[in-house]
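What you see below is based on every heavy atom in this structure, not just the backbone, and it leaves out hydrogens, waters and symmetry mates.
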Amino acid sequence: MSASWIVRNLWLIPALPMVAAGISALLKKGQRGLSAALAIGSMGTALALAVMAFVEALAHPAVQVLNFQWLQFGDQWVTLGWLLDPLAAVMLVMVTFVGLLIFVYSLGYMAHDDNFARFFCFMSLFAGAMLGVVIANSLLLLFMCWEVVGLTSYLLIGFWFHRPAAAAAAKKAFVTTRVGDLGLLIGMVWLYAQAGTLTFYDYGRGCLEQGAVSAMAAHITVAGMAVSTAIGLLIFCGAMGKSGQVPLHVWLPDAMEGPTPVSALIHAATMVAAGVYLVARVYPLMSGTALEVVAWVGAITAIFAACIAVAQNDIKRILAYSTVSQLGYMMLGLGVGGVAVGMFHLITHAFFKALLFLGAGSVIHGCTEEQDIRNMGGLRRWMPVTFATYACGMLALCGFPLFAGFWSKDAILHAAHGWGVSRGPFYLGAVGALLTAFYMTRQMYYVFFGPQRVTDAGVGAAPVASHAIPAEQIEPVVSARPGEVCAIADPHESPAVMTGPLAILAVFACVLGFAGTPAWPWFQNFLAGQTTRFDWAGFGEPGLMSVMMVSSAIVLVGLMLGWWFYGRKPIVRVTDPDALEKLQPGIFHALANRLYVDELYGVTVIALARFCAGFAAWLDRWIFGGAVRLVSWIVTGVSWLDAGVDKYVVNGGFDEGCRELGRGGRLLSHLENGRVQNYLRVIAGALVVLAVLLLWSHRG
């Protein structure tokens, strides 16, 4: 059966944003409108094509591929291609839709940036590369797009490269993800050596199809591990880097140095989702030990990042650690429940986390670029739309009942509760859910509730505020003493081009989870290629209701703890200590300093790398360089000796012989003077000598 039109032309979905990026790269700096129109237009068209692909996957859920021979080496061809299945279709719609909303939002957020055109160029390339990852039917093609994602993340995180922190964060992200990609590359090479191909599906000959997977599973490698499992773990290393799993999570919070739309795109729809998608795509290789590793790494990451988020004060950094934690939940879901469980949380998280990041950007925009939540307070009165939409995203992230995150998070916890290997990941996930509700409630009270916080005039005030308004003129409940001013002057709501996408994302944060409820598991069945019917009996699955009730109780406890610490007695001054800081200053400071993981890496991994680099430099300078210099000295000495022999022996002997020959020639030249008399005399003399010799010989 021939492929449908959309399958044959699926390459257009990533190609359109990439072409838009290429054209934007050639535009002049002042052509801002054209660059934005190209980016938004290409994403809009890609979204339309993605919807067509989604409809095709609904009608034909089986994997559809289109492969072609790319290049030949020896007698073998490298095959590339693209595929369409329910997993790819869902991701295509999510990336293009959320990406389009972020692009539209960027019109307002980046309106005053001098490098507006360059920003949309990089964003288009970023989105196109991620879409290439989604449709790739070859691990090689996926890896190509994967590396372009890494490149564009470097460009976007360091977009404001004139800031040292942004430049350092970009390099940190690039280097850290390369560490994981090394494992991915080794896994690719090993997979090709075992399967003879990197094509996923090729009519029975692909590396993810039954024949190849069974053959690899039958081969045993180190410690009794199947080859397929070992390859899966190596590929998972790449996913750990991209999706910020412990211990390769350190780059992701620092990625906040980029513009907020970049943070939303990286943390919601594209880069960090790539790692989870990769594990889901190569899931046939992830069996046994590999899935156990995925589950434990995910669970540890979920609680580790949630703990650190509790003590952060940068509004975006809190969300960044929240992203790390939620990515841990996705990996946990993949490890204990399968593709549908992990991917369901990925999709819901993409919408409510994009909402939260864009909402944070709206807060930053309305507070004149302030990001420290301690300088905020009471913003719900000045930013009602941002507050309402942000609250929807916050409740979805916490897993509040009936919001999107509730259904996807509970599916993960239920799968973890029934995991036959261990209950450990379930308990870690449950504690992580409690911490999530707590730190998001803390953030909400700091930013939107209570009075607008005050500070001593000229001490600790936001450096970007052009003027300050006395606190008593803004918030009557604040008893501001003389000399106190509000930390942020003139907070205001963002323009409609920014709040519009927030409202759309808020709707999805509220209702998207209903696509995967136990009574109507449409999402799970769609990925499995099965039909779905509504049945209340789905809630009767053993252990499900108890997990849901426990999960809901955990969320409510987290919300109540947040209110107890931050809602009962609102903080009114910027300099007032945090409630947790007063309770446990040592633990709070350790969490605020990210448990000193970066410092630990600084004195271990980075110190070792610096030592190795220094040792390599010493070897290069004194050993290899010394050997080169010794050889050069020997060669120079030989050349000097050769020059001396040539000059004083060879040339001297030759020149002296030439001079003697010249003198002999000059002597002989006297005989050749042209006088016949002289010739006759010589002849006569010769005859006399000859006669004497003859007579002498005759006598003898």
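In this structure a side-chain-to-backbone donor-acceptor pair under 3.5 Å is missing from Thr152 to Phe122. In this structure, Asp181 contributes its side chain and Leu184 its backbone to no donor-acceptor pair below 3.5 Å. In terms of modelled atom types and a separation under 3.5 Å, the side chain of Trp251 and the main chain of Gly241 share a donor-acceptor contact. With hydrogens and angles ignored, the 3.5 Å screen pairs a side-chain donor or acceptor of Gln443 with a backbone N or O of Ile315. The closest donor-acceptor contact from the side chain of Asn593 to the backbone of Tyr596 lies at 3.5 Å or more, if one exists at all. No donor-acceptor distance shorter than 3.5 angstrom exists from the side chain of Gln524 to the backbone of Val341, with no hydrogens or angles considered. Although no hydrogens or angles enter the test, the distance criterion places a donor-acceptor pair under 3.5 Å between the side chain of Asn137 and the main chain of Tyr201. When atom types are taken as modelled, the side chain of Gln245 and the backbone of Ser243 share a donor-acceptor pair closer than 3.5 angstrom. With hydrogens and angles disregarded, a donor-acceptor distance shorter than 3.5 Å links the side chain of Gln312 to the backbone of Leu591. No donor-acceptor pair under 3.5 Å is formed between the side chain of Arg594 and the backbone N or O of Ile308.
The residues Lys171 and Asp254 are annotated as not salt-bridged, no charged nitrogen and carboxylate oxygen being separated by less than 4.0 angstrom. Salt-bridge check for Asp372 with Lys316: failed, with every basic side-chain N at 4.0 Å or more from each acidic carboxylate O.
The only member of Phe126, Phe159, Tyr109, Trp160 that meets ring-ring contact (aromatic ring centres under 6.0 Å, His included) when paired with Phe119 is Phe159.
Annotation: side chain of Leu142 is in contact with side chain of Leu278 (closest heavy-atom distance under 4.5 Å). Put simply, the side chain of Lys409 reaches to within 4.5 Å of the side chain of Val555, judged on heavy atoms. Counting heavy atoms from C-beta on, the side chains of His249 and Thr176 never come closer than 4.5 Å. Using a 4.5 Å cut-off on side-chain heavy atoms (C-beta onward), Trp520 and Thr517 make contact. By the 4.5 Å heavy-atom criterion applied to side chains, Val250 and Lys172 are counted as neighbours. At least one side-chain heavy atom of Leu198 sits under 4.5 Å from a side-chain heavy atom of Leu191. The closest side-chain heavy-atom distance from Met286 to Val279 is below 4.5 Å. Counting heavy atoms from C-beta on, the side chains of Phe54 and Pro86 never come closer than 4.5 Å.
The shortest heavy-atom contact between Cys237 and Gly183 is CB-CA, 4.1 Å. The two residues Tyr283 and Gly338 have their closest heavy-atom pair at OH-CA, 3.3 Å. What you find for Ala306 and Gly432 is that their closest heavy atoms are CB-O, 4.2 Å. Across every non-hydrogen atom of Val104 and Pro501, the tightest pair is CG1-CG, 4.3 Å. What you find for Ala305 and Ser325 is that their closest heavy atoms are CB-N, 3.6 Å.
Listed by first and then second residue, the salt bridge (Lys or Arg N to Asp or Glu O under 4.0 Å) pairs involving residues 427-448 are Arg442-Asp578 (not counting sequence neighbours).
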Quiz item: Stepwise, does the side chain to side chain donor-acceptor pair (under 3.5 Å) test hold for Lys353 with Ser322?
Solution: CA-CA 9 Å; Lys353 186 51 65 70; Ser322 170; 3.1 Å; yes

Self-check item: Verdict with reasoning, Leu346 to Met91, per side-chain contact (heavy atoms from CB on, under 4.5 Å)
Solution: CA-CA 9 Å; Leu346 183 150; Met91 285 292 293; 3.6 Å; yes

Practice problem: Walk me through it: do Thr389 and Leu505 pass the test side-chain contact (heavy atoms from CB on, under 4.5 Å)? | Solution: CA-CA 8 Å; Thr389 55; Leu505 290 169; over 6 Å; no

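In this structure, the ring of Phe508 has its center less than 6.0 angstrom from the ring center of Phe97. Ring pair Tyr154/Phe174: centre-to-centre distance below 6.0 Å. Phe344 has its ring centre no less than 6.0 Å from the ring centre of Phe526. His349 has its ring centre no less than 6.0 Å from the ring centre of Tyr329.
Ring geometry for Tyr446 versus Tyr566: interplanar angle of 30 to 60°, hence tilted. Between Phe448 and Tyr390, the ring-plane angle classifies as tilted under the 30° and 60° cut-offs.
Residues passing the side chain to side chain contact (heavy atoms under 4.5 Å, CB included) test with Phe406, sequence neighbours excluded: Pro401, Asp410, Met548, Ser552.
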